[in-house]
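The structure appears right after this line, and notes come after that.
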Amino acid sequence: MKLLLAVSLYVLVLLPVLPAYTQEIKVGFTAVITREDAESIYSFLDYISKKTGLALKPVFAKSYDEMDYFLSIGKVDIAYICGGPYVEGRERYGYKILAVPLNHEGKPYYYSLVITRKEKPYKSILDFKGKPYAFSDPKSNSGSLVPTYILLKKGLKADEFFRPVVYTYSHYESILAVYKGFVEGASVDSLVYEQAIRLDKRLEREIKVVEKYGPFPITPFVYRRGLDNLTVERIKDALLKMKEDEEGRRILNVLGISGFRTVRDEFYKPIEEMLDYVKRNVTSNK
């Protein structure tokens, strides 16, 4: 009887803690990852789950528009999105920055790369006039906004300059489109490109970087409006401390990053300015 009473009291003491350990947090991923990263994503989420006591589950979206919708209706709580969608979505949907990854140099920056096959003669994005060229998502900073902005500054419109612009909705698919010869060139995220050639040496042998634009503010993890502060702080703390233990460093290395840090909204001002410039000039040229 005493044992039964003791067990009952023990269970009662534990009950208030259970909701925190069974709460499911849905984490969204889009075109900024490669297909080969799927296993790494699960390892990453399992690690954060163990550190926080929360059950983090992945949700994969086909586009940034779809991810915006998922975040707006609460189908996704946290998402790894591009700087462009963040700048556009923070006012419309109330996104807030959770944390940002760090590159191999420990800095929160990345580049927009112009790539082609190694045997091709292209030396500049301007050499691709009249050629099929791949953009990733229409809202992608490195895969759409940057090349559009670069061409507009020279008085050129991307949808008229390239013939045609091909939207792949994935940086990795853009890389493959170049590799397989479906397009002559592409603009891609430097982090995804580095990860892709690390995982597949055929890509490294056959593809070259023509130009490199940046650095730009790196792709952030954001959280939806209404996500409770305790959950946000718990996950943020786990992300910031990942580089402090061996398992965390191993997972970070597999993901192709060196850690996480926090930034302010103003960090994305360069992307905001490019977006404003493109919107003004595309509208005025119609």
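We count residues from 1, following the sequence as given.
Using modelled atom types, one finds a donor on one side chain and an acceptor on the other under 3.5 Å when comparing Thr168 with Ser174. With hydrogens and angles left out, the side-chain atoms of Tyr64 and Ser140 include no donor and acceptor closer than 3.5 Å.
Among all heavy-atom pairs drawn from Gly185 and Val178, the shortest one is C-CG2, 3.7 Å. Taking all atoms of both residues into account, the shortest heavy-atom contact from Ser142 to Ser187 is O-CB, 3.6 Å. Across every non-hydrogen atom of Met274 and Asn141, the tightest pair is CE-OD1, 3.3 Å. The two atoms that bring Tyr213 and Glu211 nearest to each other are OH-OE1, 2.9 Å, heavy atoms only. Scanning all heavy atoms of the two residues, the minimum distance from Ala238 to Lys51 falls at CB-CB, 4.0 Å. Of all heavy-atom pairs between Ser190 and Leu113, the closest is CA-CD1, 3.7 Å.
A ring-ring contact (aromatic ring centres under 6.0 Å, His included) with Tyr133 holds for exactly one of Phe128, Tyr167, Phe161; it is Phe128. Residue Tyr80 is tested with Pro101, Pro58, Pro220 for a side chain to side chain contact (heavy atoms under 4.5 Å, CB included); the sole match is Pro101. Partner of Pro108 under the side chain to side chain contact (heavy atoms under 4.5 Å, CB included) criterion, chosen from Ile257, Ile218, Asn103: Ile218. Partner Ile125 forms a side chain to side chain contact (heavy atoms under 4.5 Å, CB included) with one of Val210, Val146, Val114 and no other, that one being Val114.
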Distance-only donor-acceptor pairs under 3.5 Å for side chains of residues 82-90, two or more places apart:
| unit_1 | atom_1 | unit_2 | atom_2 | d |
| --- | --- | --- | --- | --- |
| Tyr86 | OH | Asp265 | OD1 | 2.3 |
| Glu88 | OE2 | Lys279 | NZ | 3.2 |
| Arg90 | NH1 | Asp265 | O | 3.4 |
| Arg90 | NH2 | Glu272 | OE1 | 2.8 |

Identify all side-chain donor-acceptor contacts of residues 221-230 below 3.5 Å with residues at least two apart in sequence or on another chain.
| unit_1 | atom_1 | unit_2 | atom_2 | d |
| --- | --- | --- | --- | --- |
| Arg224 | NE | Asp77 | OD1 | 2.7 |
| Arg224 | NH2 | Asp77 | OD1 | 3.0 |
| Arg225 | NH1 | Tyr93 | O | 3.3 |
| Arg225 | NH2 | Tyr93 | O | 3.4 |
| Asp228 | OD1 | Thr231 | OG1 | 2.8 |
| Asp228 | OD2 | Leu230 | N | 3.4 |
| Asp228 | OD2 | Thr231 | N | 2.9 |
| Asp228 | OD2 | Thr231 | OG1 | 2.9 |

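Ser63 pairs by the side chain to side chain contact (heavy atoms under 4.5 Å, CB included) definition with Asp65, Glu66, Asp137, Tyr169, not counting sequence neighbours. In this structure, Asp127 has no salt bridge (Lys or Arg N to Asp or Glu O under 4.0 Å) partners at least two apart in sequence or on a different chain. Every residue was checked against the side chain to side chain donor-acceptor pair (under 3.5 Å) condition with Glu105, not counting sequence neighbours, and none meets it. With sequence neighbours excluded, the residues satisfying salt bridge (Lys or Arg N to Asp or Glu O under 4.0 Å) with Glu184 are Lys120. Applying the side chain to side chain donor-acceptor pair (under 3.5 Å) rule to Asp245 yields the partners Tyr47; only residues at least two apart in sequence or on another chain are considered. Under the salt bridge (Lys or Arg N to Asp or Glu O under 4.0 Å) criterion, Lys243 pairs with no residue at all, not counting sequence neighbours. Partners of Ala158 by side chain to side chain contact (heavy atoms under 4.5 Å, CB included), not counting sequence neighbours, listed by chain and number: Phe135, Thr148, Leu151, Phe162. Under the salt bridge (Lys or Arg N to Asp or Glu O under 4.0 Å) criterion, Lys208 pairs with no residue at all, not counting sequence neighbours.
Residues Gln195 and Tyr172 are not in side-chain contact: their nearest non-hydrogen atoms beyond the backbone lie 4.5 Å or more apart. Taking 4.5 Å as the limit, some side-chain heavy atom of Ile97 sits within range of a side-chain heavy atom of Tyr268. Residues Asp276 and Glu273 form no side-chain contact, since every pair of their non-hydrogen atoms from C-beta on lies 4.5 Å or further apart. Inter-residue side-chain proximity for Phe182 and Leu176 is flagged as unmet; no heavy-atom pair is nearer than 4.5 Å.
Listed by first and then second residue, the ring pair (Phe, Tyr, Trp, His ring centres under 6.0 Å) pairs involving residues 96-116 are Tyr109-Phe267 (not counting sequence neighbours). Sorted by first and then second residue, the side chain to side chain donor-acceptor pair (under 3.5 Å) pairs involving residues 247-263 (not counting sequence neighbours) are Lys50-Glu247.
Atom CG of Leu203 and atom CD1 of Ile197 lie 8.5 Å apart (nearest 0.5 Å). With rounding to the nearest 0.5 Å, the separation of CG in Asn281 from CG in Leu152 is 5.5 Å. Between Leu255 atom CG and Ile41 atom CD1 the span is 5.5 Å, to the nearest 0.5 Å. Interatomic distance, CG of Leu54 versus CZ of Arg234, reported as 5.0 Å (0.5 Å rounding). Atoms OH and CZ, on Tyr193 and Arg198 in that order, are 14.0 Å from each other to the nearest 0.5 Å. Taken from CG in Leu71 to NZ in Lys26, the straight-line distance is 11.0 Å, to the nearest 0.5 Å.
Using cut-offs of 30° and 60° on the angle between ring planes, the pair Phe44 and Phe29 is perpendicular.
The residues Lys118 and Glu206 are annotated as not salt-bridged, no charged nitrogen and carboxylate oxygen being separated by less than 4.0 angstrom.
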